[in-house]
Structure formats: structure tokens, C-alpha cells
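Since the structure comes first, as C-alpha cells, the remarks are kept for the end.
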Amino acid sequence: MTSERYNSRQAEPKWQKAWEDAGVFIARENTNEPKYFVLEMFPYPSGRIHMGHVRNYAMGDVIARYKRAKGFNVLHPMGWDSFGMPAENAAMENNVQPKGWTYENIDTMRTQLKSMGLSIDWTREFATCDVEYYGKQQEIFLDFLDQGLVERRKSVVNWDPVDNTVLANEQVIDGKGWRSGAAVEKRELSQWFLKISDYSQELLDALDELPGWPEKVRVMQKNWIGRSQGLQFSFELEDENANLLDEKLTVFTTRHDTIFGASFCAVAADHPISIKASQNSTEISDFRKECASLGTSEEAIETAEKEGVFLGIYARHPFDQSIRIPVYAANFVLMGYGEGAVFGCPAHDQRDLDFANKYGLKVTPVVAPSDDLNFTITDTAFIDNAGGNTVMINSAFLDGMSVSAAKKEIAKRFEELGTGEQKINYRLRDWGISRQRYWGCPIPIIHCDDCGLVPEKRSALPVILPDEASFDLPGNPLDRNDEWKQTSCPKCGKSAQRETDTFDTFIDSSWYYARFCSPKADKPVEADKANYWLPVDQYIGGIEHAILHLLYSRFFCRGLEKAGYLDVKEPFANLFTQGMVTHMTFKGENAGWVLPELAIKSGDKWTHKDTGEELEAGSIIKMSKSKKNVVDPEHIIEEYGADTARWYMLSDSPPDRDIEWTAAGAEGAWKFTQKLWRTVHLISQLPSQKDKSVPNEFSENAEGLRKICHQTLKAVGSDIESLRFNRSIARIHEFTNELTAKLNNCDGSDGDHFALFEGASILSHIIAPMMPHLAEECWNQLGNDTLVSLEPWPTVDESLIVENSVTMAVQINGKRRAEISVPKTMEKSDIEKVALELDNVKRNLAGLKVRKVIVVPGRIVNIVAN
RNA sequence: GCCCCUGUGGCGGAAUUGGUAGACGCGCUGGAUUCAAAAUCCAGUUCUUUCGGGAGUGGGAGUUCGAUUCUCCCCGGGGGCACCA
């Protein structure tokens, strides 16, 4: 027989058109089918799709197509997260407009995604830079304002004095702006904030109600929210001459049991007490300046030495007025956390100990191991975090108590004194959403000299971003666009100015899932649609969004609920974080980083295709443009077809782990598509079994094939449902091998023909989620004139799955010695008898006495002998 | 420093509740087909062996009739958080 080749270049566009013509993937609301919303994190339109996109969307598509075949009404939309810095950077570098650049990229990437054959409902597509989208976002902002979820307040930011803009912490490198290289200043600016911290406890608690999220992500969010339970209390302060001062010093601690070990207090450089003291002391004001010059980045903080300056003030010990505790300003105390002030107990905190040793402060141990009450502390603090066998010492009325009893006692006494209370602090800060950027959603606020900050009238929304901006000067182009900026006050009508800041682009992606439910609606979100579709049943994306995007979305969904848009709190019921696509890197002394397609292997060396220069094959890391270890999906789809690319992205590696792209792997996936097609094509040449009833008799071959067929069908279904695509692919390989083998041994009987035809049909179905074009081609080749994408998932014939006999291993003292095949229903005692009669068992038991025989039906026989 | 994940052939990785370790794929070896090659098909492929076996899931101990799986200690790799009081 001739072996036919599968031509993906011809087949794929053909089936894509057939799906589109039939409207196969358009989601409907008025059905009796249960709904299923599958969503992959939408892409940023950077220019071209990359392999990470292929992997992400291939996974989502498997689920969408499978669920559709299982009878769900599926919503599987696509959009573009299209505001943000890269468009402005491109504008500056290439002298283009962000808008044009962005929409061109979207056009390119849409075409590329469509070539993947994704089962997307394209009628719902939108970009966050569409005025129809960001205008609704402005409405939501006004709603949030009405609901008290928005606040304007001053905050300290990293300011780039050359680019005239705020920088995120990540954009500050060694204290300098990442673009301008200018020394970054700390500046106080008025910014808009969303009050996410009001939801700290709720966002924390609700994590426990998200069993469909990876434990890892929940832990990361938990740490990020950072709940800590402790005591907040005030010290009385006195000057050098022991005169009581008016102000008090409020501190937060989780270790109030160590109060008698306090040997200093430390406040942040920006603390009011520190500011006041600096007015009369150059030493202190110099110290404050030094602290201010330090970046707010974590690197800067970490590398700085613990330093402080005495403020000339003492705190009175709350339980022993004779103890004076010196108050320092210190660079390691953060104004943003707790009260911006701490008491230091050097004996039981390493950082406090380092500080105390540096400034010659007292070190008094107050918690001791029960069996060594006279121990001393030199360089290492004694930290009793195990809650072990310890006891309070040197602590007046606390002596002899356990740590937890001491904490309770102190809390009680402070409450009685009325100078302290138990308190919970969170690490989570409010979300600063103002950005001094052009390419974002304008904040719908107007600054009026008389009325102050006035929200834009709803009837005047959307506040439309000007189409063009000039980037010839640093700073925000909106700020220089007078025509756009000048407006009138919605309240008094006098001339006024628009807010020229735009929203953080994380806002754009915090509600897009809800907009997909009613993408054309006049309101931002239509309640009935949102309540029908939400929460997203399966959300898929990269782990890099574990905290910010996913936490913001959880908060935003609650905000939408509060504003009355929907009745859902958690936007994503199930979350899956997929791994990255990696590739080997190549580097040449002259060529620098080299693209994989230019690296040629000869023996165990790599050389440059054009220059012949020897290349060093480097580490296998995430595909990135800078390291040039990228493979363009468009080339792969052109060469092998979308199905092959999809198949490869789903094979081998578990989807949550990284996958390495290799040329050999792509080749392998391509070979498999050809092999599968060949087998199905050959089967299609046999007498057609379409619509024929099940024959009465099957050969052993045919019976065996049918069993494997239905076992595979069942396994592939459950593997897809648990997102173990690599396993379902292994099963499909196995079954295809079996089908080919049985085809070669076909005896020409009706039974054999039927089993082969049935196998090929089911194979067409089970590959459809992964390789939809090839599936259609196979389905068509088998004489069907319907679309397999519209066909229901085949039903498993459970009677074929039940095995009558079962193979069991026979062990002697835990070592495998033999194997027996017995009827599934055989009694334990009979199995034991059969096992003991085996030659190999007898031989190995020679000279030993059987002590015990363990029989686990269907699994194992273990003979214990000595 | 704290928290989490992870470690299985040459490689990616399989292994319901503890029950035949290495499914499936890649690679490699041999064979068939071919004038030859590509493609395809078949067989083999953890290591070791005196061919009876023996060893083996990062290392060490433990629980168990039985451990890749559970417990403890140690080592390697990855990630998150971090002057958080």
C-alpha cells in the first residue's frame, strides 16, 4: 500500500476555516449545558508570539476542547493586555506612536495565534487600550471611589530626576534609574491608592477556600500578606535630665515577653521623633540625609550596615521606672511597618544584638534554657523559636514563667494600664496606582483650584487618551499636552486641569476576566452574564504572576462585588501555573550570543553555521531575546504545522515544570503525527465499518485491541481532567503502537475490521484536544462528514475494561522471584497455594521455613521465610 | 535567616491508598527494506555478573511482610519572602 503523507500546510487552514464557518467556538448563554470558563493569562502584544505563548495556549485549548466534547458550554476568550511601558519605549526608540505600534502588534499576533488553531471565541476579543475597555475601567474607578476603596495620599517614591518620573523598586539599579542612570531621589508625591489592605484578613482567610490553587501560590500570597500578631504599646519619654516629655513612643512587637531585656529603642529616620530631634543636631540631620539617599530597593537595604544615632531621649521602662532606655534613630527600622518604632532586645534578636554590640549597649538575657539559667550571650542571639524547654529570667514578675505565659501576662498588664493593646499587623501595603506615563488609562479626576479634586462626570466618560504623544522631552507627555489637560471643573465649571497620571497597568488585568462575560456591554460588567460565567473554572498562566496579578484580581473582584457588579468574590476557582520553555544557549567569542538555528553540531562540538567559529554550548535557560536562545513559533508552525508544535509543548514534561525545546524533540513530534496519519489512513482503506453494528465474534487480537482502546479512552480523559497532558500523550503513543501492530496482524474478519475502525475513530477523538487539525483530517478520512470538534467525547465501554485475570508478583522476603496469572476472583488461600507451587518459589524456599504469607489480591504475594 | 518545591537509566520523565521501579518519548545499538540514502518497520537498551544471581530511585538511619512513596538527619538543585520588630 502507498503511504500517504499528512500535509499540515494544506489541512490546517482548511479546518480553521471550517470551524470558523460553523461558529464552533462561539460561547452561548442560553443553554442547558453546564458552563465552563477556561482562561489563559492574556498576552502583552510585544510583537510576535513566543514558545511560552504556544505552551500556555496549547494547554488551555486542550481543556477547552475536551470540556466542549464532554458537553460543557465553554467560554474560551482572548484579549490583549496592551497598555504599558514597552510601547512607550518603542515609541522613543523608533519614533513611532504607542497606539499604532500596539495595534500593529496585535494584528500580527492575532494572525499567529489563529494559525495555532485555538478554539477561541474571537467575537469577544478586546484590548485593554481600546477606549471601550478603559472607559469602563474609569467608571469602575469612580464606583470604587464611591465605595471608599480609593484614597489619595502622600507617599515616598523613587524619583528619577532626569526622566521626571516615578520608578518602581525593580527599576532602580544600584541607586540609579535603569534608563537615565541618574541617582534616584526619594520624593514625596500625592498618589492614588486602592485600599487593598482593608482586605488583608479576608484575602488571607479566603486562601483556605481555594483548594483548586497550587499550594505554592497560596503560601506565597500568605507570606506576602504577612500577618503578624503582637502587642502595640507606648513608652513614656524623658530628656537627658529625666524630665518627662509630652510625646510618647508607640512601638509594635511580637516579643513582648522580652520587655525586661530591652536595652534600646529604635525609630525610623523618618519618624516624627527623629525629625524633631534632627532640628537641633547636625549629627542627627546628617544621619537622616544619609538614610534618605539610600534607595528603597531591597538590595540597598540589605547591604547597608546597621547604623543609628542617639537622639538624646530616653524611654521609661513601663514596669520599672528606674530603667532608662536610650532612643536611637536607626536605618533598619521601616517607617512603613507597624509604628515605625521598635524596642530592641539584643539577647534574643540577632539584628538587635549586632546593633547593641556596635554601640556598646547592655545585653540582658531574659529567656533561658530550663537547664542552663546562667548562660551568656556574646555574638549569637538566643532565639527560642522552637518553643522548647525555656523559662523567663531577669524579668521581675515574669521570672519562672514560660514565654507564652509571659506574653499573656504582659498583654494583660498593658491593657490594665491602658497604654497597650494586642494588635495584628500586615505586611501588605495599599496599592499605589498612579503612574506618570502616557500609555495607560487616564485617571478620571479633575484638579480645580476652588473645588480641589473632582471626579469627572460619568456622562463625560470616557476620558480619551490623545492618539499622539511627543516623547522628545523627558517626563509624561500628557503633562505637556495643554489642549488635553485643560478642561472645566465638573462642579463649578471654572477652568481646571485633568489629572495627567494614568493607572498602573495591573488594574487593566484585574478585571478583564469579568469583561469577557459581556465584552460589548454598555456597563463595565453585566451582572447576569458575570454571575453565569464566573468564577473562571480554569485559569492558566505563569508562576511569575503568583502574587501581584493574582492578588490584585482577587481584591478587584471583591471591589466589583461591593460596587454591585457581580456576586462573586474569588475570580479564579482553579489555577494552574505552567512551567517555562527553555533552550540551550550558544555563545561565540566573536559572535556573542548566537541563535540556535545558526548553531551546527559536528561531533560533540558546535560551530557557527556561517562563520565556522566554534561555539560554547551554555546552560539551558528560559528562552529570552537577550540570550538569543529563542525559537520562533511561526517558523515551527510553517515547517511542521501547528499540531506538531502543540503536541511537543504538551509531551514529556509535566505541564507545571519547565520544558526544554530541542530540534530532535520537534522532529519526534512531527514523526508521530505522520505515523498516526499513516495508520489511520491505512485503516480507512479497509472495508468501511461506519454505522455497522458490533460483530458477535472477535479474534483474540481484536478483543485485545478493543480493551486497550477503551482503557486508553478512559485514561486519556482522566489525565486531561487532572492536567497531566504528558501522561495522556504517553497513552496515545502506546495505543497508536498497538493499533499499528494489530493492523499488521489483521485477519480480514469483520471483527478485526470493526476493532481497527473503532480504534481509529476513538483515536481521532482523543487526539482532538491536542492536535485538532489532524483529528479532523483523520475523522474525515474515516468517512465522516461532521466535524470531530463538534462530536461528543466517546463513551467508555466499561465491560471492556474489566480484566478477568490478573498478573501478580510473587515475592520472597520482599524480593520478586516469580509472577503468576490468576483469575481476578480467586480466593486468597488458593492464590497462596498456586504461588507456593511455583518452581522458582520452591527453589528459593529450599532450606527455609515459611513463617507467613501475605496475599494482596490483584497486587502481590509476599512469602516471609527464614 | 525563614518558608516552599525538587532529586529515579545517556536524556525528558512514568509508577491510584506503601504492593512487579524505569510506562511513554528522545537518544543509542543491531537487523529488515533500498543500488544507495531518506523515510519506514522489527528487536534490544538501569548497572553488574562466574548467567545461579547481585545491586539499584541524592546519602545515612528508621517504621513495615514490603518504601521512589511514610518519619528523622545530612547533601545537592530550584523558587518565594526578608532589616517586618
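Lettering of chains follows the sequences in order, A, B, ..., and the numbering in each one begins at 1. Computed from a predicted model, the values in this text were never measured in an experiment.
- Rounded to whole Å, atom P of B/G13 lies 20 Å from atom CD1 of A/Ile732.
- Between B/G18 and A/Arg859, no contact under 4.0 Å exists linking OP1 or OP2 to a side-chain N or O.
- Nucleic acid contact for A/Arg657: sugar-phosphate only, since backbone atoms but no base atoms lie under 4.0 Å from a heavy atom of the residue.
- Side-chain proximity of A/Asn223 to the nucleotides B/G80, B/A39, B/C41 is greatest for B/G80.
- With salt bridges taken as basic N to acidic carboxylate O contacts below 4.0 Å, one links A/Lys742 and A/Glu738.
- In B/G52 the base sits syn relative to the sugar, since the glycosidic angle is no further than 90° from 0.
- Look at CG on A/Asn737: it is 13 Å from P on B/A23, rounded to the nearest Å.
- Among B/A14, B/G19, B/G12, the nucleotide with an atom closest to any side-chain atom of A/Pro654 is B/A14.
- The nearest whole Å value for the distance from the CG atom in A/Asn744 to the C1' atom in B/C42 is 10 Å.
- For A/Tyr328 and A/Tyr359, the distance between ring centers is under 6.0 angstrom.
- Here the side chains of A/Asn629 and A/Met584 are not in contact, with every heavy-atom distance at 4.5 Å or above.
- Atom-to-atom, NZ of A/Lys222 to C1' of B/C2 comes out at 15 Å; the value is rounded to the nearest Å.
- Regarding contacts with the backbone of B/C84, every side-chain N or O of A/Arg429 stays at 4.0 angstrom or more from both OP1 and OP2.
- Between A/Gln811 atom CD and B/U20 atom C1' there is a gap of 7 Å when expressed in whole angstrom units.
- To the nearest angstrom, C1' of B/C3 lies 12 Å from CD1 of A/Ile547.
- Residue-level contact check: A/Ser651 touches neither bases nor backbone, having no heavy atom under 4.0 Å from any strand.
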